[in-house]
Amino acid sequence: MKDKKLERFIKAEIKRQGETLDLIASENLVSAEILKVLGSPLTNKYSEGYPGKRYYPGNFYYDEIEKLAQERALKLFGLSPKQWQVNVQPYSGSPANFAVYAALVPQGGKIMGMKLASGGHLTHGHPVSATGKFWQSFQYGVDSQGMINYEEVKKLAKKFKPNIIVSGFTAYPRKVNFKKFGEIAKSVGAYHLADISHIAGLVASKVHPSPFPWADVVTTTVHKTLRGPRGAIIFSRKELSSLVDRAVFPGLQGGPHNHVTAAMALAFFEASQPEFKKYASQIVKNARALAEALKKLGFKLSTGGTDNHLILLDVRGLRLDGMTAEKKLEKVGIIANRNSLPDDTSPFKPSGIRLGTPALTTRGMKEKEMKEVASLIFGALTNEVNIKTRVKKLCQRFPAKSLPKI
Ligand code: DSN
């Protein structure tokens with residue numbers, strides 16, 4: 001590479017990824033083939049519009065690639081093209097959710113999603129997000145144990161009469177009852193949007209219940225448990241799909257990122273292989289093993305454990321706050337983010353750490369290694385010596401094989 005300055009940063013980042021334990025619940029490591037497609041000349045082309053209806057010529061292969069990504073996405077989630085349509089153009093999860101509201105909620109209409117501090121997402125109507133500014137937002141939370149109280153959600157829905165109810169979370173360690181959300185939405189005449197960005201790989205592999213029978217629209221990013229490129233897709237019931245398509249383009253976006261669309265097609269192919277199903281169920285087994293090991297070390301976990309890929313660790317028992325804990329972990333090469341816990345009083349001083357197992361599972365780690373990871377977390381938080389060396393050794397035993405050689 002001629003640009004030596006940039007090359008140094010990229011090489012250093014590849015090294016960092018290889019030598020650290022990535023426990024960010026929303027991150028993963030894509031295959032070498034996906035990296036190759038992302039770096040392909042498909043990035044050179046403009047394709048505003050949809051297959052067969054483009055605003056520029058020269059799009060024959062992009063039409064075929066986009067249709068392939070759509071076909072595979074529907075098949076992966078067991079959906080009939082007679083009932084569902086999928087838009088694969090959203091640049092990422094936030095614009096995907098924004099497009100859904102733009103399509104289905106009138107200006108000034110009402111959105112009801114979960115509070116960010118309880119495990120929701122900015123785009124589920126947080127006041128600092130455009131979704132909480134352009135629409136009226138009413139939010140639900142979790143109970144003191146960290147669980148969703150569906151009766152409470154129902155009460156709020158009856159009171160606020162939202163146009164759309166959002167289910168699906170970024171920091172909820174338990175199974176989501178999409179059926180209940182669907183019933184609540186129906187009872188108040190609202191659409192039900194399930195944002196399954198975090199659990200899409202688990203849903204596709206049937207290790208988490210599917211939202212599709214109970215939702216009108218389902219959004220997901222492709223780069224979390226689904227282990228694809230950064231980007232998002234929107235599934236909508238056929239009768240809503242032209243509204244959604246128009247909201248994505250020309251409503252919100254310009255040309256799709258064709259190299260990403262192609263990489264999505266490949267990710268859906270990879271996720272439909274039997275090994276992926278094994279991978280997804282190992283993510284959950286690993287999260288459970290990590291949760292048990294942490295509990296044995298004396299930690300409290302929000303909701304007492306996990307059913308999916310993530311854990312909310314309470315660090316107050318060690319007289320730490322989330323920010324201090326995050327820094328202590330980072331110092332030894334354990335990458336995990338601070339997170340609010342249900343009984344936190346200030347969102348600016350969270351007491352928890354969110355831990356996720358998708359990336360470590362991609363590296364081939366299993367239940368046995370999760371015990372070691374728990375011990376490393378405990379050691380890092382209690383200032384034990386040699387933790388950094390132990391982290392490095394574990395990383396060397398389970399290399400991130402898809403990273404380019406440097
Ligand atoms: N930033 C993602 C997460 O970490 O959950 C959500 O967009």
Side-chain angles (χ1 to χ4, degrees), residues 17 20-30 90-101 111 113-132 137 139 141-142 146 148 166-176 193-203 208 211 217-234 252 260 264 267 283-284 287 290 302-303 306-313 322-323 325-326 329-330 334-342 344 347 350 352-362:
Q17 288 188 21
T20 53
L21 293 173
D22 183 3
L23 282 145
I24 305 272
S26 49
E27 292 181 358
N28 213 329
L29 292 146
V30 298
Y91 299 146
S92 210
S94 296
N97 286 343
F98 193 93
V100 172
Y101 305 139
I111 294 172
M114 193 194 265
K115 290 175 199 155
L116 183 67
S118 303
H121 187 254
L122 282 168
T123 59
H124 297 178
H126 191 281
V128 301
S129 152
T131 63
S137 169
Q139 298 201 290
V142 287
I148 296 169
V166 189
S167 66
F169 314 105
T170 66
Y172 188 67
R174 293 300 182 176
K175 278 193 181 128
V176 183
L193 160 62
D195 175 353
I196 60 165
S197 293
H198 263 256
I199 55 169
L202 311 184
V203 172
H208 187 289
V217 187
V218 176
T219 53
T220 181
T221 46
V222 182
H223 49 273
K224 297 186 173 95
T225 47
L226 212 41
R227 211 165 57 181
R230 301 194 83 87
I233 56 179
I234 306 173
L252 182 63
V260 175
M264 280 183 184
I283 291 178
V284 177
L290 182 57
S302 176
T303 79
T306 180
D307 297 327
N308 57 24
H309 63 302
L310 71 84
I311 292 163
L312 288 179
L313 181 72
M323 176 67 104
E326 180 188 289
L329 292 171
E330 187 179 22
I334 299 173
I335 311 299
N337 63 282
R338 61 191 181 276
N339 212 96
S340 291
L341 293 179
D344 270 340
I353 289 285
R354 188 183 65 163
L355 302 167
T357 53
L360 297 192
T361 309
T362 294

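Counting starts at 1 for both ligands and their atoms, in listed order.
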Got a second to check how far [X]'s [atom1] is from [Y]'s [atom2], nearest 0.5 Å?
{"X": "R227", "Y": "T361", "atom1": "CZ", "atom2": "OG1", "answer": "9.0 Å"}
{"X": "I334", "Y": "D22", "atom1": "CD1", "atom2": "CG", "answer": "11.5 Å"}
{"X": "T20", "Y": "I335", "atom1": "OG1", "atom2": "CD1", "answer": "5.0 Å"}
{"X": "E27", "Y": "R230", "atom1": "CD", "atom2": "CZ", "answer": "7.0 Å"}

Test side chain to side chain donor-acceptor pair (under 3.5 Å) on S94 and S92 and set out the steps.
CA-CA 6 Å; S94 296; S92 210; over 6 Å; no
Using a 4.0 Å cutoff against the non-hydrogen atoms of H121, which atoms of ligand 1 qualify?
6 (C), 7 (O)
Enumerate the atoms of ligand 1 whose separation from the nearest heavy atom of T170 is less than 4.0 angstrom.
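So the atoms of ligand 1 that pass are 5 (O).
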Do H198 and ligand 1 have an N or O pair less than 3.5 Å apart?
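Between H198 and ligand 1 (N or O atoms, distance only) the closest approach is under 3.5 Å.
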Taking atom 1 (N) of ligand 1 as the reference point, the nearest protein heavy atom with its distance:
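Its nearest protein heavy-atom neighbour is S26 OG, 4.4 Å.
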I'd like to know whether ligand 1 has R354 as a neighbour, heavy-atom separation below 4.0 Å.
yes
